[in-house]
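Written below as structure tokens is the structure these notes are about.
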Amino acid sequence: MSSATPSHLVRLTGRTVIQVSGPDRIKLLQGLITADLTTLSPETPALWSAILTPQGRWQADFFVIQDPDDTCLLLDCAATQAEDLKKQLSRFKLRSDVQLELTGLTVCATWGSRPAADIAENAIVFADPRRAEAGWRLIDTPPETAETATESDYNLHRLALGLPDGVQDCEQGRTLAAEANMDLLGALSWTKGCYMGQEVTARMHYRTLLKRRLVPVAATHPLPAPGTPVFAGEAEVGTMRSSQDHIGLALLKISALEHPLTCDGITLTPRPTEWLKPAIDALSSSENSRP
């Protein structure tokens, strides 16, 4: 194996790609999704984004990638949501000149070092736009022999960085975008104007009304299943979301982080990442200042 091979590379079997083509593709998506597509460029070829309900609740999240030839956009999304996402976008087409197609392309994740040229030769490669340390993603089908990690390895990597996976960490029609830390990870634009759910999202942001966030947690035992309640004493203060072994994410009331937490009898230790701590401190200060 070449020394230039990435230290970790794995095919994400739960991901697929929707191709959005046609001259009106930017205009259509710009009015629907949370990110500002006008910021896409050769230097910034990918964004993380979501589509929300009119009430600002999560429906689906995905990476938007500008094709190197600038002929289409690619949506790297959860395979279980791809068909519904395609149908939803199609409903807003009206007379727009836009075509949507499920491609069946493969999505891989790599971290530790940049993909070697021989692996990336026939793939679209982009840095994960959420955090630099997250690594890169590849759209296409690198050789199977190039895989050097498992999906469990990737899950541990993702969870250690506090990065959410929408279908595992969000509840459709219930989770607010900022509760999933989309405001902190570049998925929400505050300047581009209207998109579906924008009014509620902006109000929560500017009035500091948010009470819960996804927070990394750790335990000395494997963590319970998603949806298991989290308690501070006798009070229910959140729910467990995705986990791998002894680390995971939990949707928690910020006010509960100063108290001992348990989930199905297991003690949870909150471990906010450095990028999350300022937001938690700001919410805590806001709550403490209210009469």
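Numbering starts at 1 and runs along the sequence shown.
For the pair N181/L163, no side-chain contact is recorded, criterion being any heavy-atom separation below 4.5 Å from C-beta on. Side-chain contact check for M240 versus V217: some heavy-atom pair is nearer than 4.5 Å. Using a 4.5 Å cut-off on side-chain heavy atoms (C-beta onward), L105 and T16 make no contact. For the pair L12/V10, a side-chain contact is recorded, criterion being any heavy-atom separation below 4.5 Å from C-beta on. Looking at S255 and K211, their side chains never come closer than 4.5 Å, going by heavy atoms from C-beta outward. For the pair Q19/E101, a side-chain contact is recorded, criterion being any heavy-atom separation below 4.5 Å from C-beta on. Side-chain atoms of L159 and D165, non-hydrogen and from C-beta on, never get closer than 4.5 Å to each other. The shortest side-chain heavy-atom distance between I124 and L138 does not fall under the 4.5 Å cut-off.
Counting non-hydrogen atoms of neighbouring residues, nucleotides and ligands closer than 6.0 angstrom, the CD atom of E199 reaches no more than 12 such neighbours. Around atom NZ of K27, no more than 12 heavy atoms belonging to other residues, nucleotides or ligands sit under 6.0 Å away.
Each side-chain hydrogen bond (donor to acceptor under 3.5 Å, both in side chains) pair with one or both residues in residues 119-129, not counting sequence neighbours, appears once here: D128-R130. Within the structure, side-chain hydrogen bond (donor to acceptor under 3.5 Å, both in side chains) pairs that include any residue of residues 56-78 comprise R15-D76, W48-D61, W58-D61, Q59-Q88, D67-T71, D76-R137 (at least two apart or interchain). Here salt bridge (charged side-chain N to carboxylate O under 4.0 Å, His left out) pairs that include residues 166-189, with residues two or more places apart or in two chains, are R158-D169, E171-R174, E179-R212, D183-R213.
Judged purely by atom type and a 3.5 angstrom limit, T44 has no side-chain atom pairing as donor or acceptor with the backbone of S41. Checking side-chain atoms of Q30 against main-chain N and O of L37 turns up a donor-acceptor pair under 3.5 Å. Listed for the S96 side chain is no donor-acceptor partner under 3.5 Å among the backbone atoms of V98.
A distance of 11.5 Å separates OG1 of T269 from CG of L257, quoted to the nearest 0.5 Å. Here OG1 of T110 is found 4.5 Å from CG of L9. Values are rounded to the nearest 0.5 Å. Interatomic distance, CD1 of I18 versus OG of S21, reported as 12.0 Å (0.5 Å rounding).
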Where do T201 and L188 land on the side chain to side chain contact (heavy atoms under 4.5 Å, CB included) test, with the steps shown first? CA-CA 9 Å; T201 303; L188 303 182; 3.8 Å; yes
Evaluate side chain to side chain donor-acceptor pair (under 3.5 Å) for D153 paired with T150, printing each intermediate quantity in order. CA-CA 5 Å; D153 294 330; T150 67; 3.2 Å; yes
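Ring geometry, W111 versus H8: the interplanar angle falls under 30°, so the pair is classed parallel (tilted spans 30 to 60°).
A donor and an acceptor atom, one from each side chain of T34 and S49, are located under 3.5 Å apart.
Grouping the Ile, Leu, Val, Met, Phe, Trp and Tyr side chains by contacts below 4.5 angstrom, directly or via other members, places L102 with L75.
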